Amino acid sequence: MEESCSTAPPDKDKAGKTHFRIIRFIMEAGVKLGMQSIPIATACTVYHKFFHETALDAYDPYLVAMSAIYLAGKVEEQHLRTRDIINVCHRYLNPGSDPLEVDTKFWELRDSIVQCELLMLRLLQFRVSFIHPHKYLLHYLVSLKNWMNRHSWERTPIATASWALLRDSYHGDICLRYEAQHIAVAVLYFALQCYGVDVPGNESAETQWWKVFSEDITKETIDSIVSELIHIYTMDTEIP
């Protein structure tokens with residue numbers, strides 16, 4: 001497993017901050033477009049995979065992001081109109097501006113999105129369908145709720161925190177380098193740690209609770225993912 005990105009060299013850290021901004025752009029645009037969590041996660045993953053295959057300065061990252069949103073809508077069967085994507089993204093990048101007129105500039109941008117989508121598909125060899133951690137996290141949360149004391153569960157927002165951690169994990173490339181099940185376990189572990197909640201019977205059990213959910217996960221993997229999440233939140237404080 002790769003080391004935590006907290007030790008990233010300056011150039012990589014600068015690229016990481018750029019990707020952070022673009023992922024934030026994808027997420028906020030996705031919400032305004034009415035995208036569900038899975039299509040947004042797919043758009044983020046497509047974006048990260050694209051820039052794992054090519055240099056950041058080779059393409060306009062905002063154009064890649066718009067194309068990733070467009071492609072994710074197709075992959076996850078939540079189809080979006082290019083016009084809506086263009087208008088939402090234009091307003092995000094130009095707050096307070098009017099929608100773009102359907103003129104030459106608009107059609108050029110639309111064509112660029114479509115051409116970039118084709119480039120992405122070729123570069124990623126049409127492998128744009130992903131297994132996300134969401135379904136695993138939902139299953140783990142249901143199981144954990146049944147194990148825990150009802151009062152302890154209701155007074156701490158473990159579920160809400162876990163979903164927020166999972167969403168925020170896409171600001172980095174965690175989704176590319178760890179298995180979906182391992183990410184789901186790690187965000188749940190981190191949420192429990194944040195609120196100081198212990199899983200009942202875990203200390204006396206032969207198998208740790210996280211091993212019950214994912215047999216092949218190790219404590220080192222959990223710690224590595226948590227470390228990268230902490231780095232993402234540190235980066236958030238450094239980006240305007």
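Positions are given from 1 along the sequence. Predicted model, so just to flag it, every value in this text is computed and none were measured.
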Legend entry - Enclosure of Glu238 CD (heavy-atom neighbours >12, cutoff 6.0 Å):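 It does: Glu238 CD has more than 12 such atoms within range.
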
Could you tell me which non-hydrogen atom of [X] sits nearest to which non-hydrogen atom of [Y], and how far apart they are?
X: His182; Y: Ile225; result: O-CD1, 3.7 Å
X: Pro61; Y: Phe51; result: CA-CZ, 4.0 Å
X: Cys89; Y: Ala29; result: SG-CB, 4.2 Å
X: Gly172; Y: Cys175; result: O-SG, 4.4 Å
X: Ala43; Y: Ala68; result: O-CB, 3.5 Å
X: Thr237; Y: Thr234; result: OG1-O, 2.5 Å

Is the shortest side-chain heavy-atom distance between [X] and [Y] below 4.5 Å?
X: Gln115; Y: Leu119; value: no
X: Met235; Y: His171; value: no
X: Ser67; Y: Leu71; value: no
X: Thr42; Y: Tyr47; value: no
X: Leu144; Y: Leu192; value: yes
X: Lys135; Y: His139; value: no
X: Tyr233; Y: Leu165; value: yes
X: Arg110; Y: Arg83; value: no

Check whether [X] reaches the backbone of [Y] with its side chain - one donor and one acceptor, N or O, closer than 3.5 Å.
X: Thr160; Y: Pro157; result: no
X: Gln78; Y: Gly34; result: yes
X: Asn146; Y: Val142; result: yes

Roughly how far apart are [X] [atom1] and [Y] [atom2], rounded to 0.5 Å?
X: Ile69; Y: Ile85; atom1: CD1; atom2: CD1; answer: 6.5 Å
X: Thr45; Y: Ile38; atom1: OG1; atom2: CD1; answer: 9.5 Å
X: Gln208; Y: Ile222; atom1: CD; atom2: CD1; answer: 8.5 Å
X: Ser97; Y: His90; atom1: OG; atom2: NE2; answer: 3.5 Å
X: Leu109; Y: Ile86; atom1: CG; atom2: CD1; answer: 4.5 Å
X: Glu108; Y: Ile113; atom1: CD; atom2: CD1; answer: 12.5 Å

If two hydrophobic side chains count as joined below 4.5 Å and joins carry through other members, does [X] share a cluster with [Y]?
X: Ile183; Y: Leu138; value: yes
X: Leu176; Y: Leu121; value: no
X: Val187; Y: Ile230; value: yes
X: Leu123; Y: Tyr59; value: yes
X: Phe106; Y: Val114; value: yes

Do [X] and [Y] have side-chain N/O donor and acceptor atoms under 3.5 Å apart?
X: Gln181; Y: Ser214; value: no
X: Thr221; Y: Thr218; value: yes
X: Ser224; Y: Tyr178; value: yes
X: His132; Y: Tyr170; value: yes

Legend entry - His19 and His48 aromatic ring geometry - parallel, tilted or perpendicular at 30°/60° bounds: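 Perpendicular, since the angle between the ring planes exceeds 60°.
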
Legend entry - Full working for side-chain contact (heavy atoms from CB on, under 4.5 Å) between Ser169 and Leu166: CA-CA 5 Å; Ser169 73; Leu166 177 55; 3.9 Å; yes

Legend entry - Ring centre gap for Phe213 and Tyr136 strictly below 6.0 Å: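 Centroid distance Phe213-Tyr136: not below 6.0 Å, so no.
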
Inset, instruction - Kindly say whether the aromatic ring centers of Phe190 and Trp210 come within a distance under 6.0 Å. - result: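 Judged by ring-centre distance (under 6.0 Å), Phe190 and Trp210 do not meet the cut-off.
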
Inset, instruction - Using the side-chain contact (heavy atoms from CB on, under 4.5 Å) rule, take Glu117 and Lys74 through it: C-alpha gap first, then chi angles, then the decisive distance, then the call. - result: CA-CA 11 Å; Glu117 178 204 16; Lys74 292 182 179 179; 3.0 Å; yes

Inset, instruction - Under the side-chain contact (heavy atoms from CB on, under 4.5 Å) rule, what do Val75 and Phe130 come out as? Steps first, then yes or no, please. - result: CA-CA 10 Å; Val75 171; Phe130 309 104; over 6 Å; no

Inset, instruction - List the steps and the verdict of side-chain contact (heavy atoms from CB on, under 4.5 Å) for Lys219 and Tyr189. - result: CA-CA 10 Å; Lys219 184 61 164 55; Tyr189 177 92; 3.1 Å; yes

